[in-house]
Asker: 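I'd like to ask some things about the structure below.
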Amino acid sequence: IAQPDGMSLVIVGSLLIVAGASLYLAAARDLRKGLIEGRLVTTGLYSLLRHPLYASNIFFVVPGIALLCKSWLLLCVPLFMYVAFRLFIPAEDRELRKRFGQSFEEYHSKTNAVFPKVWPK
């Protein structure tokens, strides 16, 4: 199997980082606005998944950094991040459920945590 050349890793890694950072910033902007207004954010990226900030780092930024560093070991980090996310996110969801009640329940039932729903039910 041919090894990818260094330039390919730099290009793919850079594209992943730029995409991830763009998604992160868009989600952070929407979240900040929602926090200021005291409302549950369900628009923008939040209409596709409940935790776009985490998803952007797990699936784009960290893998991009791993490719830029040419570190196959670092490429395993998103797996550990995802496991940690699954362990710790229920506490955040409980807080949102307490704060927003039925609105969060409906939102939770319509959107996945970090993988967008591709096909409607």
Side-chain angles (χ1 to χ4, degrees):
I1 297 175
Q3 293 285 345
D5 68 2
M7 186 52 72
S8 297
L9 294 177
V10 168
I11 291 169
V12 173
S14 297
L15 289 172
L16 285 171
I17 291 169
V18 168
S22 299
L23 293 170
Y24 187 94
L25 291 172
R29 180 195 64 226
D30 291 343
L31 180 60
R32 183 175 186 275
K33 186 176 178 187
L35 288 171
I36 289 169
E37 296 170 358
R39 66 175 172 79
L40 178 64
V41 179
T42 60
T43 58
L45 290 171
Y46 289 90
S47 68
L48 302 173
L49 57 158
R50 291 192 312 275
H51 301 286
L53 296 173
Y54 298 119
S56 64
N57 284 310
I58 292 170
F59 301 117
F60 293 97
V61 175
V62 174
I65 292 169
L67 292 176
L68 281 180
C69 295
K70 298 178 188 171
S71 171
W72 300 109
L73 185 59
L74 187 56
L75 206 50
C76 297
V77 170
L79 176 63
F80 295 108
M81 291 173 68
Y82 181 75
V83 169
F85 166 82
R86 298 305 293 180
L87 290 172
F88 297 114
I89 206 61
E92 185 174 322
D93 284 350
R94 278 192 299 277
E95 286 301 313
L96 290 168
R97 195 169 276 114
K98 268 195 259 181
R99 184 168 180 189
F100 297 107
Q102 187 60 32
S103 296
F104 180 76
E105 287 299 328
E106 290 171 13
Y107 174 62
H108 188 276
S109 70
K110 292 179 190 173
T111 55
N112 285 338
V114 292
F115 296 106
K117 287 185 179 179
V118 179
W119 294 279
K121 290 182 179 180

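These numbers were taken from a predicted model, which means no experiment stands behind them.
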Asker: Determine the minimum heavy-atom distance between Tyr107 and Tyr46, stating which atoms define it.
Answerer: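 Of all heavy-atom pairs spanning Tyr107 and Tyr46, the closest is OH-O, 2.6 Å.
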Asker: Val61, Val83: one ILVMFWY side-chain cluster at the under-4.5 Å cut-off?
Answerer: no
Asker: When clusters are formed by joining ILVMFWY residues with side-chain heavy atoms under 4.5 Å apart, either directly or through shared neighbours, do Met81 and Leu79 land in the same one?
Answerer: no
Asker: Given Leu68, which partner from the list Ile17, Leu16, Ile11, Leu9 fulfils the side chain to side chain contact (heavy atoms under 4.5 Å, CB included) test?
Answerer: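 Only one of Ile17, Leu16, Ile11, Leu9 forms a side chain to side chain contact (heavy atoms under 4.5 Å, CB included) with Leu68, namely Ile17.
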Asker: Of all heavy-atom pairs between Leu67 and Val12, which one has the smallest distance, and what is that distance?
Answerer: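 Nearest pair, atom of Leu67 first, then Val12: CD1-CG1, 3.6 Å.
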Asker: Specify the closest pair of heavy atoms between Phe60 and Gly20, including all atoms of both residues, with the distance to one decimal.
Answerer: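 Shortest heavy-atom separation between Phe60 and Gly20 comes out as CB-CA, 3.4 Å.
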Asker: Do you reckon Ile65 sits in the same ILVMFWY cluster as Leu53, going by side-chain contacts under 4.5 Å, direct or chained?
Answerer: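 Hydrophobic grouping puts Ile65 apart from Leu53.
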Asker: Over 60° means perpendicular and under 30° means parallel, so tell me whether Phe59 and Phe115 are parallel, tilted or perpendicular.
Answerer: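 Geometry flag for Phe115 against Phe59: tilted rings.
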Asker: Within a strict 4.5 Å, meaning less than it, do heavy atoms of the Ser47 and Thr111 side chains meet?
Answerer: no
Asker: Using the test ring-ring contact (aromatic ring centres under 6.0 Å, His included), find all partners of Phe80 that sit at least two apart in sequence or belong to another chain.
Answerer: none
Asker: Hey, what do you get for CZ (Arg39) to NZ (Lys33), rounding to the nearest 0.5 Å?
Answerer: 6.0 Å
Asker: Without placing hydrogens or testing angles, list every side-chain donor-acceptor pair under 3.5 Å for residues 95-104, not counting sequence neighbours.
Answerer:
unit_1, atom_1, unit_2, atom_2, d
Glu95, OE2, Lys98, NZ, 3.2
Arg97, NE, Glu105, OE2, 2.2

Asker: Answer yes if Val62 and Leu49 sit in the same cluster of Ile, Leu, Val, Met, Phe, Trp and Tyr residues linked by side chain heavy atoms under 4.5 Å apart, and no otherwise.
Answerer: yes
Asker: Of Ile58, Leu45, Ile89, which is the lone residue that meets side chain to side chain contact (heavy atoms under 4.5 Å, CB included) with His51?
Answerer: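 Only match with His51 under side chain to side chain contact (heavy atoms under 4.5 Å, CB included): Ile89.
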Asker: Taking all heavy atoms of Pro90 and all of Leu87, pick out the closest pair and write down the distance.
Answerer: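 What the structure gives for the nearest pair is CD-O, 3.6 Å.
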Asker: Got a second to check how far Asp93's CG is from His108's NE2, nearest 0.5 Å?
Answerer: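 It is 4.5 Å, given to the nearest 0.5 Å.
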Asker: What pair of heavy atoms forms the shortest contact from Arg86 to Ala113, and how long is it?
Answerer: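 Closest pair (atom of Arg86, atom of Ala113, distance): NH1-CB, 3.7 Å.
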Asker: From Asp30 CG over to Leu25 CG, what is the distance, rounded to the nearest 0.5 angstrom?
Answerer: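 CG of Leu25 is found 11.0 Å from CG of Asp30.
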Asker: Applying the 4.5 Å side-chain criterion to the ILVMFWY set and letting contacts propagate, would Leu23 and Phe85 be lumped into a single cluster?
Answerer: yes
